[in-house]
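In what follows, a structure is listed as structure tokens, so that the remarks can point back to it.
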Amino acid sequence: MSDTYTHGHHDSVLRSHRNRTVENSAAYLAPLLRPGLDLLDVGCGPGTITHDLAARVAPGRVRGIDVVEEPLVEARAAGDGVEAGAEHRVEFAVDDVYGLTDPDDSYDVVHAHQVLQHLSDPVAALREMRRVARPGGVVAARDADYAAFTWFPHDERLDAWLALYRAVAHGNHAEPDAGRRLLAWARAAGFTEITPSASVWCYATPETRAWWGGLWAERIVSSSIAGQAVERGLATRSDLEEMSAAWRDWAAHDDGWFLVPHGEILARA
């Protein structure tokens, strides 16, 4: 099965990925992590979370996978020169979540952050993640829910941005409102013990507004999203520039506030 990654791997996308750690993106999983667990990180990107997970389960074996090689170069380099033993047990490889090369019952933890929302068949992916999880192990997934994004002050140009993003994602047979669907998807994949939860990212300080608004101002005109939107006739370049300006205006607003809700699951067969 071949899916289209809506965001692509432009630096404005990877800057967001590089910011992710266990603390800010996998806190719901952290209490289950302990030394000696073997862990698979699906859709690892540049590997920031992967290396953080590895430090928490060392001396357990950790494997980070992505569908393309490009971000894995950075993921491997991220462990260079670090003295802690966990980094030497992290392997990064290209692999397919619909048909993992790992044998059955390979891992104690199978983790996926912001992955299922980009897949045309998230249930099939969860079944495959379940296959490689050991009895008593856990499959952990966290995904944003775009339709639940909210911000202040109101700006019609940001309304247009959100509608456009959702249209591009749906055009890729993906589900940007994945967070609310994780429980249903896990049940459909055959999991019988599921702990659902939710958490948020909130951008409301000058520093976080500048970071979040800046990367989206660049992403909407320079990443794969922009190319797909224009090619499909969903927006013009002028439309995208207006959305980019809206992001910069929001980031500069003293009262600017943006909330990104996430759904989470800890699932066992």
Side-chain angles (χ1 to χ4, degrees), residues 1 3-7 16-17 20-33 37 39-45 49-50 53 56 65 67 96-100 102 104-150 162 165-202 258-269:
M1 191 177 299
D3 291 332
T4 298
Y5 179 37
T6 299
H7 292 271
S16 174
H17 296 176
R20 298 173 185 173
T21 64
V22 170
E23 182 178 2
N24 67 30
S25 299
Y28 73 107
L29 173 61
L32 300 184
L33 302 176
L37 296 181
L39 183 147
L40 176 67
D41 189 20
V42 176
C44 64
I49 294 182
T50 319
L53 291 165
R56 295 168 188 249
I65 65 165
V67 71
D96 182 358
V97 70
Y98 295 123
L100 296 166
D102 297 294
D104 294 356
D105 305 336
S106 292
Y107 299 98
D108 302 295
V109 179
V110 182
H111 169 261
H113 184 262
Q114 310 289 26
V115 173
L116 298 179
Q117 65 183 279
H118 298 297
L119 305 182
S120 58
D121 194 344
V123 173
L126 282 166
R127 288 194 189 105
E128 184 66 355
M129 293 163 68
R130 178 175 176 246
R131 179 186 67 79
V132 300
R134 291 172 179 150
V138 65
V139 171
R142 182 176 190 255
D143 271 278
D145 195 307
Y146 276 72
F149 285 12
T150 189
L162 182 56
Y165 177 82
R166 296 179 73 239
V168 172
H170 285 144
N172 291 331
H173 307 289
E175 182 45 76
D177 311 333
R180 70 189 69 187
R181 291 173 165 83
L182 293 182
L183 177 59
W185 288 345
R187 286 170 51 83
F191 290 95
T192 56
E193 183 184 339
I194 308 165
T195 303
S197 59
S199 60
V200 302
W201 290 334
C202 183
F258 201 103
L259 187 74
V260 180
H262 296 82
E264 304 158 344
I265 53 167
L266 298 170
R268 294 181 172 84

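Of the possible polar contacts, one joining the Arg131 side chain to the Asp102 backbone as a donor-acceptor pair under 3.5 Å is found. No donor-acceptor pair closer than 3.5 Å links the side chain of Gln117 to the backbone N or O of Gly179. No donor-acceptor distance shorter than 3.5 angstrom exists from the side chain of Tyr107 to the backbone of Leu37, with no hydrogens or angles considered. Of the possible donor and acceptor atoms, none in the side chain of Trp201 sits under 3.5 Å from a partner among the backbone N and O of Ser25. When atom types are taken as modelled, the side chain of Arg130 and the backbone of Ala267 share no donor-acceptor pair closer than 3.5 angstrom.
Side-chain contact between Leu29 and Leu266 is present, with heavy atoms from C-beta onward closer than 4.5 Å. Here the side chains of Phe149 and Pro261 are in contact, with some heavy-atom distance below 4.5 Å. Looking at heavy atoms from C-beta onward, Val97 lies in side-chain contact with Met129 at the 4.5 angstrom threshold.
In terms of the salt bridge (charged side-chain N to carboxylate O under 4.0 Å, His left out) criterion, Asp105 has no residue partners (sequence neighbours excluded). Evaluation of the salt bridge (charged side-chain N to carboxylate O under 4.0 Å, His left out) rule for Arg20 yields no partner, not counting sequence neighbours. Not counting sequence neighbours, the partners of Arg166 by the salt bridge (charged side-chain N to carboxylate O under 4.0 Å, His left out) test are Asp177. Scanning for side-chain contact (heavy atoms from CB on, under 4.5 Å) contacts around Ala169 gives Thr6, Tyr165, Pro176, with sequence neighbours left out. Taking His118 as the reference, Tyr5, His7 meet the ring-ring contact (aromatic ring centres under 6.0 Å, His included) condition, with sequence neighbours excluded.
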For this session: Determine, step by step, whether Asp3 and Asn172 satisfy the side chain to side chain contact (heavy atoms under 4.5 Å, CB included) criterion, reporting the C-alpha distance in whole Å, the side-chain angles of both residues, the deciding distance to 0.1 Å, and the verdict.
Result: CA-CA 7 Å; Asp3 291 332; Asn172 291 331; over 6 Å; no
For this session: Start with the C-alpha gap between Leu100 and Ile65, add the side-chain angles, then the distance that decides, and say whether side chain to side chain contact (heavy atoms under 4.5 Å, CB included) holds.
Result: CA-CA 9 Å; Leu100 296 166; Ile65 65 165; 3.3 Å; yes
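Taken from CG in Leu40 to OG1 in Thr50, the straight-line distance is 9.5 Å, to the nearest 0.5 Å. Separating the CG atom in Leu32 from the CG atom in Leu39 is a distance of 11.0 Å, to the nearest 0.5 Å. Atoms CG and CG, on Leu116 and Asp121 in that order, are 10.5 Å from each other to the nearest 0.5 Å. Taking NE2 from His111 and CD1 from Ile49, the interatomic distance works out to 5.0 Å, rounded to the nearest 0.5 Å. Rounded to the nearest 0.5 angstrom, Ile265 CD1 and Leu183 CG are separated by 7.5 Å. If you take OG1 on Thr195 and OH on Tyr28, they are separated by 11.5 Å, rounding to the nearest 0.5 Å.
Of the residues listed (His262, His17, Arg142), the one engaging Gln114 in a side-chain hydrogen bond (donor to acceptor under 3.5 Å, both in side chains) is His262, and it is the only one.
Within a 6.0 Å radius of CZ in Arg180, other residues, nucleotides and ligands contribute more than 12 heavy atoms. Within 6.0 Å of the NE2 atom in His170, the count of heavy atoms belonging to other residues, nucleotides or ligands exceeds 12.
Between Asn24 and Thr21, the closest heavy-atom pair is OD1-N, 2.9 Å. Nearest heavy-atom pair, Ala186 versus Ile194, reported as atom, atom and distance to 0.1 Å: CB-CD1, 3.7 Å. Between Leu182 and Gly263, the shortest heavy-atom distance links the atoms CD1-O, 3.2 Å.
Residue pairs meeting the salt bridge (Lys or Arg N to Asp or Glu O under 4.0 Å) criterion with at least one partner in residues 107-118, sequence neighbours excluded, are Asp108-Arg134.
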